Amino acid sequence: QVQLVESGGGLVHAGGSLRVTCAASGTFFRIHDIGWYRREPGKQRELVATIRSGSCTNYDDSLKGRFAIPGDDAKNTVYLQMNSLKPEDTAVYYCNADLDLYGSGKEFRYWGQGTQVTVSS
């Protein structure tokens, strides 16, 4: 059973930093794409940043420079490092991964349950 488990959310003051973690577990052949989306209060879920298998990293332009997504391939883990946080960054942050389960090249999409990040002013 494939699962994505987020951790590390919490409360931080504006201007501070926080790192959240997503760990993928279960049986799969390869991660094609993994990263983060978020849902701010009253808004639809939106892209934060993802890593495409191979080399490419995709950031929302408004967040690039403050956020980064280092990973640890050996642990099937990706992080979201958030710096210079603003109250408007308050959201539920979701891990997302497109996985090749069988080595066929076909991708299956998985979502974590989300972790709450609250930035106080």
Side-chain angles (χ1 to χ4, degrees):
Q1 181 68 42
V2 174
Q3 289 187 321
L4 304 177
V5 180
E6 304 102 330
S7 62
L11 175 66
V12 64
H13 288 107
S17 297
L18 196 67
R19 187 178 74 170
V20 293
T21 299
C22 173
S25 64
T27 301
F28 52 87
F29 181 77
R30 184 170 66 179
I31 300 172
H32 281 194
D33 194 314
I34 190 167
W36 297 90
Y37 290 71
R38 71 182 184 183
R39 184 178 63 82
E40 300 173 70
K43 299 178 66 176
Q44 297 184 15
R45 187 158 54 189
E46 64 183 11
L47 170 72
V48 176
T50 60
I51 302 171
R52 186 69 180 177
S53 180
S55 61
C56 296
T57 303
N58 183 38
Y59 293 91
D60 181 278
D61 287 340
S62 68
L63 302 177
K64 189 174 183 178
R66 294 195 297 120
F67 290 11
I69 47 171
D72 187 339
D73 288 344
K75 298 179 180 180
N76 290 323
T77 297
V78 66
Y79 306 93
L80 178 64
Q81 178 65 49
M82 298 177 282
N83 300 318
S84 301
L85 283 163
K86 305 174 182 179
E88 52 263 41
D89 293 319
T90 294
V92 178
Y93 285 76
Y94 296 90
C95 184
N96 169 257
D98 293 329
L99 307 179
D100 184 344
L101 300 183
Y102 314 111
S104 67
K106 183 177 181 180
E107 300 178 17
F108 296 83
R109 174 157 289 186
Y110 291 86
W111 292 94
Q113 294 299 305
T115 185
Q116 177 71 47
V117 173
T118 302
V119 183
S120 62
S121 60

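When reading the values below, keep in mind they use all heavy atoms of this one structure, side chains included, and skip hydrogens, waters and symmetry mates. Because the structure is a prediction, the values reported are computed rather than measured.
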Given 3.5 Å as the limit, does a donor-acceptor pair link the side chain of R38 with the main chain of V92, or not? no
pair R45-Y93: side-chain heavy atoms closer than 4.5 Å: no
Flag yes if Y79 and V119 sit in one hydrophobic cluster, no otherwise; membership is Ile, Leu, Val, Met, Phe, Trp, Tyr, and two members link when side-chain heavy atoms are under 4.5 Å apart. no
Looking only at heavy atoms, which two atoms of S84 and S17 are closest? And how far apart? N-OG, 4.3 Å
More than 12 heavy atoms of other groups within 6.0 Å of F108 CZ: yes
With the side chain counted from C-beta on, respond yes when T21 and T115 share a heavy-atom pair under 4.5 Å apart, and no when they do not. no
Hey, mind stepping through T77 and D72 against side chain to side chain donor-acceptor pair (under 3.5 Å) and telling me if it holds? CA-CA 5 Å; T77 297; D72 187 339; over 6 Å; no
Once you round to the nearest 0.5 Å, how far does OG1 of T27 lie from CG of L99? 11.0 Å
With a cut-off of under 6.0 Å to the ring centre and 45° to the axis, is R39 in cation-pi contact with Y94? no
Do T50 and I34 come close enough that some side-chain heavy atom pair is under 4.5 Å? no
Atom CD1 of I69 and atom CE of M82: how far apart are they, to the nearest 0.5 Å? 12.5 Å
Going by salt bridge (charged side-chain N to carboxylate O under 4.0 Å, His left out), name the residues that satisfy it together with R19, two or more places apart in sequence or in a different chain. none
Sequence neighbours left out, what pairs pass salt bridge (charged side-chain N to carboxylate O under 4.0 Å, His left out) with at least one residue falling in residues 108-121? D98-R109
Set of side chain to side chain donor-acceptor pair (under 3.5 Å) partners for R30, sequence neighbours left out: H32
W36 ring center near F67 ring center (under 6.0 Å): no
Is there a side-chain contact (heavy atoms from CB on, under 4.5 Å) between R66 and D89 once you walk through the steps? CA-CA 11 Å; R66 294 195 297 120; D89 293 319; 2.8 Å; yes
Report the residues that fulfil salt bridge (charged side-chain N to carboxylate O under 4.0 Å, His left out) with E107, sequence neighbours left out, ordered by chain and then residue number. R52
Check whether any side-chain heavy atom of Y110 lies under 4.5 Å from a side-chain heavy atom of N96, and answer yes or no. no
Which residue pairs pass the salt bridge (charged side-chain N to carboxylate O under 4.0 Å, His left out) test when at least one of the two sits in residues 112-121, sequence neighbours left out? none
If you define the side chain from C-beta out and look only at heavy atoms, does anything of Y102 sit under 4.5 Å from F28? no
Any chance you could measure N83, atom CG, to L63, atom CG, to the nearest 0.5 Å? 12.0 Å
Distance (rounded to the nearest 0.5 Å) between S25 OG and Q1 CD: 9.0 Å
Quick one: closest heavy-atom pair of N76 and I31, and the distance? OD1-CD1, 4.0 Å
What about Y59 and V78, same hydrophobic cluster or not, with Ile/Leu/Val/Met/Phe/Trp/Tyr joined at side-chain heavy-atom distances under 4.5 Å? yes
With sequence neighbours excluded, what pairs up with N58 under the side chain to side chain donor-acceptor pair (under 3.5 Å) test? none
Should Q116 and V20 count as side-chain neighbours, where that means a heavy-atom distance under 4.5 Å? no
SG of C95 to CD of Q3, rounded to nearest 0.5 Å, is 12.0 Å
With a 4.5 Å heavy-atom cut-off, do V117 and L18 have their side chains touching? yes
Judged by atom type as modelled, is there a donor-acceptor pair below 3.5 Å linking the side chain of E6 to the main-chain atoms of C22? no
CD (Q81) with more than 12 external heavy atoms under 6.0 Å: yes
Nearest 0.5 Å please: distance from the CG atom of D33 over to the OG1 atom of T57. 9.5 Å
